[in-house]
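All remarks here apply to the structure that follows.
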There are 2 protein chains.
Amino acid sequence: MKVTMKDIATEAKVSVATVSHVINGTKKISEEKYNSIMQIIEKYNYIPNSTAKNLRQMKTKTAGLVVSSFPDSFVTEMINGVEARARDAGYNLFLVNTNEDKKYEEETINLLYSKMVDGIILSPTSTDIGYLERFVHNGFPMVLVNRQDYNMKSIPRVTGDNYQTGYDATKHLLQHGHQKIGFIYAVRHVTTTDDRIRGYKDALKEANIPFNESYLEAGYATVNGGINAIQSLIKRESDITALFIQNDLMTIGSISMLRELNIKIPEDIAIIGFGDFASAPIIEPPVTNIVLPPETIGKTAFDVLLNKINNPNYEKNIELPPTLITRKSCGC
Amino acid sequence: MKVTMKDIATEAKVSVATVSHVINGTKKISEEKYNSIMQIIEKYNYIPNSTAKNLRQMKTKTAGLVVSSFPDSFVTEMINGVEARARDAGYNLFLVNTNEDKKYEEETINLLYSKMVDGIILSPTSTDIGYLERFVHNGFPMVLVNRQDYNMKSIPRVTGDNYQTGYDATKHLLQHGHQKIGFIYAVRHVTTTDDRIRGYKDALKEANIPFNESYLEAGYATVNGGINAIQSLIKRESDITALFIQNDLMTIGSISMLRELNIKIPEDIAIIGFGDFASAPIIEPPVTNIVLPPETIGKTAFDVLLNKINNPNYEKNIELPPTLITRKSCGC
DNA sequence: ATACATCGGTTAAACGATTAACCTAAAGGA
DNA sequence: TCCTTTAGGTTAATCGTTTAACCGATGTAT
């Protein structure tokens, strides 16, 4: 049914080796045979089977991108960055969303490995990724993106500087007189959150303000997650005067709930969100965000992976600095 | 270096066939050998090479998802839907963004085909996809998603009802007295746009209002694209009283530009956008959108593909109806 | 005249699994 | 006792390529 190289060879009355050489330009072939083979290839629309090629050559020009959540705009743009670079490099990308499911993440890595991807870019679900050790040990190219794990020093990482992100946002609010600053996040025990919390704490400490665990609030990374987080946080800590929210959808949900509660932004509560989502400038009030460059992170991650693939000894960690985009919602 | 089935077999003093049977449960193996083999597998963290398996079995449990643009929220959610179903079915997904590049689209299809994906979900860049004929002819499972091509009857499609979308949105504006309705879109000659324009035209005709080509405006599917579109449209047709905008980012850009021009929404210009993006309810005024369900479209597309993979004769086209989510921006 | 490249191919062994067909020994049935 | 199953494995072909090694003929330098 499906036409193979052998079919082409038979019809052209040459060996499959010759056909292969014609296709790959690996050996000089007489013009006569070259033309005849090419013509037959055209005639049948023959497309070589890469799986066979990959098996033989032990590489696939394929990479895996494993993210832990999805319709968050930061992750989307990051994916876009990885995809863009992959395309330029002639790589195909397996995209998998683990949905913060650690077990599924491990299965996925195994599966992608078994599919012989040349490497994997992973945004891990937890900091408990010791299971990657054996892949590292095998020389399997991986890079951590966005999130990382401080124990796995052996895997290159490309992230934003989340500590600085937490520090800068908090400092900015402190400078404008806020002392009771709520912190709304989606997932704990990932470095994106934990590092920002460290930055938050250090900024507080510098200002001699005691850290209050009760000002932290968790929620799902969705609009409703933001709504619920506000409800429970405000009920518990009604004297909060500022919020630092770690995700665009939660920020949107929070704003909507604050309005419903008749709490004015920024007069009653100032807000700093995370990530420069498209609608931020046109929301009333326009939303101040601290941002890390997701597309650059994605692109860089792929570049690093490519380097790691081509040179197993490549070692480089990249941490990109945050930028504060000041608008009205933080009251300055 | 890398441990293969042969290594396991050698160490267990059995044939590779036995190891394979143990792994796949394809034959009864004595408990003694079973345990010994399993133990060796564990010891070496042996992961079977799927590429070899795929080659032998001529299937990969892998599908391609080829979209034409990206950080648009509609596409993102659609991808999410496909990904979710793929995961449930134990499939991996190649994600490729063609960036509206038709030639690259064709190359991509070829490449994915050569990588032996079991099928492809495609959101084509144009309606000129005759090149797919040979794949169809080969019995290669494909489904068109979101966009389609009326000439390729042989490929199942899962889309929104874009004609109805254009019709309903226009009708709604007409019913509220608007006669000069601008139409901002990103790409022409794709059915999403063309069908909506047909619906727009038909609604106008029904109301005995002549169609004015000059009310249509193209732009890039970005915030800036929306900004530019408004500038050029308003300069050209200053008497427009309503807008129907085909994309979330362009809607956001448009709103921002209209504000800058001091044009009030909805008093001076009413707006209906497309797609229920997260921030729509909290923008001032909250944005009325006509929506098609992107995640459902994505999920359904994968379901159809799976059916097509398992039964080559499967034929089904699915068209999902739009819903109008009325908020303040259209003035009702 | 001798040795040596070069040209244009071919042969056959990989790559790492799966799986139909075969084999042997022991058990079961009549 | 003899024939047939069955249980538990093995052999070897196969999937569709790539590629090192080989080969014969022709040209070229010494």
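These figures come from a predicted structure and were not determined experimentally. Residue numbering restarts at 1 for every chain, and letters A, B, ... go by the order of the sequence lines.
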Grab the two heavy atoms, one from G119(A) and one from I309(A), that are nearest each other, plus how far apart they are.
->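 Result for this residue pair: N-CD1, 4.3 Å.
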Sort and list the pairs that fulfil ring-ring contact (aromatic ring centres under 6.0 Å, His included) and have at least one residue in residues 80-120 of chain A, not counting sequence neighbours.
->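 Pairs touching residues 80-120 of chain A that pass the test: Y91(A)-F302(A), F94(A)-F94(B), Y113(A)-F135(A), Y113(A)-F140(A).
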Taking the side chain as every heavy atom from C-beta outward, state whether V82(A) and V145(A) have any atom pair closer than 4.5 Å.
->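 The answer is no, as the side chains (C-beta and beyond) never meet within the 4.5 Å cut-off.
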Taking the side chain as every heavy atom from C-beta outward, state whether K115(A) and T62(A) have any atom pair closer than 4.5 Å.
->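 They are not in contact (no side-chain heavy atoms under 4.5 Å apart), so the answer is no.
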Please state how far atom [atom1] in [X] lies from atom [atom2] in [N], giving the value in whole angstrom units.
X	N	atom1	atom2	result
L55(B)	dC15(C)	CG	P	14 Å
K59(B)	dG16(D)	NZ	C1'	18 Å
M58(B)	dA17(C)	CE	P	18 Å
K13(B)	dT10(D)	NZ	C1'	17 Å
K6(B)	dT11(D)	NZ	C1'	14 Å
K2(A)	dG16(D)	NZ	P	9 Å
D7(B)	dC15(C)	CG	P	10 Å
I8(B)	dA17(C)	CD1	P	9 Å

Those residues that, when tested against [X], pass side chain to side chain donor-acceptor pair (under 3.5 Å) (two or more places apart):
X	value
K153(B)	none
D149(A)	none
E295(B)	none
N146(B)	none

Pull out every residue in residues 108-117 of chain B that has a heavy atom closer than 4.0 Å to any atom of DNA chain C, ordered by number, or say none.
->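 The stretch gives none, as no residue of it lies under 4.0 Å from the strand.
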Using heavy atoms and a sub-4.0 Å distance, could you list which residues of residues 33-50 of chain A are near DNA chain C? By number, please.
->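 K33(A), in order of number.
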For residues 22-41 of chain B, which residue pairs qualify under side-chain hydrogen bond (donor to acceptor under 3.5 Å, both in side chains), counting only residues two or more places apart or in two chains?
->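 Those involving residues 22-41 of chain B are S20(B)-N24(B).
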NA contact type, M5(A), heavy-atom cut-off 4.0 Å: base, sugar-phosphate, or nothing?
->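 The answer is base, as M5(A) lies within the cut-off (heavy atoms under 4.0 Å) of a base atom.
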Apply side-chain contact (heavy atoms from CB on, under 4.5 Å) to the pair L95(A) and L93(B), showing each step before the final yes or no.
-> CA-CA 6 Å; L95(A) 175 67; L93(B) 217 57; 5.5 Å; no
Scan nucleotides 19-24 of chain D nucleotide by nucleotide, 5' to 3', and note B when protein non-hydrogen atoms come under 4.0 Å of the base, S if they reach only the sugar-phosphate, - if neither.
-> B-B---
Between the two end axes of the helix from dA1(C)-dT30(D) to dA30(C)-dT1(D), each built from 5 base pairs, what angle do you get to the nearest 10°?
->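 One end axis against the other gives 50°.
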Interatomic spacing from OG1 in T51(A) to CG in N54(B) - rounded to 0.5 Å =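 One gets 6.5 Å once the value is rounded to the nearest 0.5 Å.
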In Å, rounded to the nearest 0.5 Å, how long is the span from CD1 of I297(B) to CG of L292(B)?
->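 I297(B) CD1 to L292(B) CG: 5.5 Å, rounded to 0.5 Å.
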Name the closest nucleotide to the I29(A) side chain, picking from dG9(C), dT17(D), dG16(C).
->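 Between dG9(C), dT17(D), dG16(C), the one nearest the side chain of I29(A) would be dG9(C).
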Among pairs that include at least one residue of residues 81-104 of chain B, which meet salt bridge (charged side-chain N to carboxylate O under 4.0 Å, His left out), considering only residues two or more places apart or in two chains?
->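 Qualifying pairs: E83(B)-R87(B), R85(B)-D303(B), E100(B)-R147(B), K102(B)-D128(B).
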Considering residues at least two apart in sequence or located in another chain, which fulfil the ring-ring contact (aromatic ring centres under 6.0 Å, His included) criterion with Y46(B)?
->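 None.
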Assign each of S15(A) and I23(B) to its nearest nucleotide of DNA chain C by heavy atoms, then name whichever residue's nucleotide is nearer the 5' end.
->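 Its nearest nucleotide lies further toward 5', so the answer is S15(A).
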Any side-chain N or O of T4(A) under 4.0 Å from OP1/OP2 of dG16(D)?
->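 No, outside the criterion.
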